Amino acid sequence: MDPDVDPDVDPEQDREALLADRDRVMAELARRGLSVGRLAVLWLLGAVAVGGWAAVGLAVRSLEDGGLGLGTGVVSLALALVLLVPAAIGAGRWLSVGRDVRQRLDEWAALDRVTDPGLRVHERCVGWLLPSVALSLLGLATILPACVAITEATAASTAPESFTLGGVAYSLGLGVTVLLTGLLGLFQAVDHQLWAGRLLHPVPVRRGGGAHR
C-alpha cells in the first residue's frame, strides 16, 4: 500500500467534491461575465463615445462656418479625442475581460463533462439580449436617415439647406456607436448560450467504420 495515500479518503468522493466546486465556480464565472455591472460599463463607454461624436459634429460645423468658429472647432476636436480615445481603450479592456472569463470557463470545463443547466444563466442572457436588440435597432434607425441625406446631397446639384456635414457626422457617429454597443451586448448573450449548449449537449464524435474483409 502506498504510505502517502490516506486509506480513509475515498478518491471518488474527492473527485465528486472537486466537480461540485467546479460547478459552483463556473456558475459564478458565468454570472460575472453577464453581470449587470458589465452591461452598465458597456453602455457607459457607448455614452462617452456618443459625447465624443457630438464634439466631432460641433467641430465640423464650426470649421464649416469659418471665422471665429475655427477656434471652437479646434477645441471641439480636442474634446472629441479626449472622449473617443478612452472609450476605445475601455472597449478593448471590456472585451479582454470577457475573453478572460471565457478562457477560465473553458479551463474548468476541461476537467469533466458539464451537466449543470444553471450554467446557461437564462435570465441574465435575456436581460442582456432585449436591450441590446433595442439599441441595435435604434442605431440602424439613426444611420439610415444619415445615409439617405448623404445620397440625396451627392445626387443633387446643391445640397439642401438642412444638410450640414457636422450634423451628418454626428448622426453617423451616434448611429454606429449605438449599433456597436447593442451588437456587443447581443453577441455576448447569444455566444454564451451557444457555448453553454455545446457543453451541456456535446455532439458525439463519429468514427469511421464499416465492414472489414
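Note that these values count all heavy atoms, side chains included, but never hydrogens, waters or copies made by symmetry. If you're wondering where the values come from, they're calculated on a predicted model, not measured in any experiment.
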### Query
Run the side-chain contact (heavy atoms from CB on, under 4.5 Å) check on Ser35 and Arg124 step by step: do they pass?
CA-CA 7 Å; Ser35 66; Arg124 290 177 182 259; 4.0 Å; yes

#### Entry: Criterion side-chain contact (heavy atoms from CB on, under 4.5 Å) on Leu81 and Leu77, from CA distance to verdict
CA-CA 6 Å; Leu81 288 175; Leu77 281 177; 5.9 Å; no

### Query
Can you list the steps and then say if Trp128 with Arg38 is a side-chain contact (heavy atoms from CB on, under 4.5 Å)?
CA-CA 10 Å; Trp128 277 59; Arg38 261 178 60 78; 3.9 Å; yes

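Ser96 contributes no side-chain N or O that, together with a main-chain N or O of Gly92, makes up a donor-acceptor pair within less than 3.5 Å. In this structure, Trp94 contributes its side chain and Val41 its backbone to no donor-acceptor pair below 3.5 Å. The main-chain N or O of Ala27 is never found under 3.5 Å from a side-chain atom of Arg32 such that the two would form a donor-acceptor pair. Although no hydrogens or angles enter the test, the distance criterion places a donor-acceptor pair under 3.5 Å between the side chain of Gln193 and the main chain of Arg120. Counting only distance, with no hydrogens or angles, the side chain of His192 and the backbone of Leu119 share a donor-acceptor pair below 3.5 Å.
The CG atom of Leu79 sits 12.0 Å away from atom OG1 of Thr72, with the distance rounded to the nearest 0.5 Å. One distance of note links CG of Leu42 with OG of Ser132; it measures 7.0 Å at 0.5 Å rounding. To the nearest 0.5 angstrom, Leu179 atom CG is 9.5 Å from Thr142 atom OG1. Here the OG atom belonging to Ser136 is positioned 5.5 Å from the CG atom belonging to Leu186, to the nearest 0.5 angstrom. Between the CG atom in Leu83 and the CG atom in Leu45 there is a gap of 12.0 Å [rounded to 0.5 Å].
Ionic pairing of Glu107 and Arg104 is not present here: no N-O contact between side-chain nitrogen and carboxylate oxygen is shorter than 4.0 angstrom. Using a 4.0 Å cut-off between a side-chain N of Lys or Arg and a carboxylate O of Asp or Glu, Asp191 and Arg102 qualify as a salt bridge.
The two residues Met26 and Leu199 have their closest heavy-atom pair at CE-CD1, 4.4 Å. Scanning all heavy atoms of the two residues, the minimum distance from Leu184 to Leu95 falls at CD2-CD2, 3.9 Å. Contact detail for Pro145 and Leu140: the closest heavy-atom pair is CD-O, 4.5 Å. Closest approach of Ala80 to Gly52, counting heavy atoms only: CB-O, 3.5 Å.
The only member of Val178, Leu174, Val176, Leu138 that meets side-chain contact (heavy atoms from CB on, under 4.5 Å) when paired with Ile143 is Val176. Shown are Leu135, Val50, Leu172; of these, the side-chain contact (heavy atoms from CB on, under 4.5 Å) with Thr177 is made only by Val50.
A chain of hydrophobic side-chain contacts below 4.5 Å, direct or via other Ile, Leu, Val, Met, Phe, Trp or Tyr residues, connects Leu29 to Leu200. No continuous path of ILVMFWY side-chain contacts below 4.5 Å connects Val36 to Val97, so the two sit in separate hydrophobic clusters. Leu180 and Phe187 are not part of a single hydrophobic cluster, where members link through side-chain heavy atoms under 4.5 Å apart. Follow the hydrophobic side-chain contacts under 4.5 Å out from Trp53 and you never reach Val75; the two are in separate clusters.
Using a 4.5 Å heavy-atom threshold, the side chains of Leu34 and Cys125 count as touching. Looking at heavy atoms from C-beta onward, Val114 lies in side-chain contact with Arg22 at the 4.5 angstrom threshold. Side chains of Asp106 and Trp195 form a contact here, defined as non-hydrogen atoms less than 4.5 Å apart. Looking at heavy atoms from C-beta onward, Val56 lies in side-chain contact with Leu84 at the 4.5 angstrom threshold.
Applying the side-chain contact (heavy atoms from CB on, under 4.5 Å) rule to Leu130 yields the partners Val126; only residues at least two apart in sequence or on another chain are considered.
No side-chain donor from either of Asp23 and Trp108 sits under 3.5 Å from a side-chain acceptor of the other. Under 3.5 Å, the side chains of Trp43 and Thr181 contain no donor-acceptor pair of N or O atoms.
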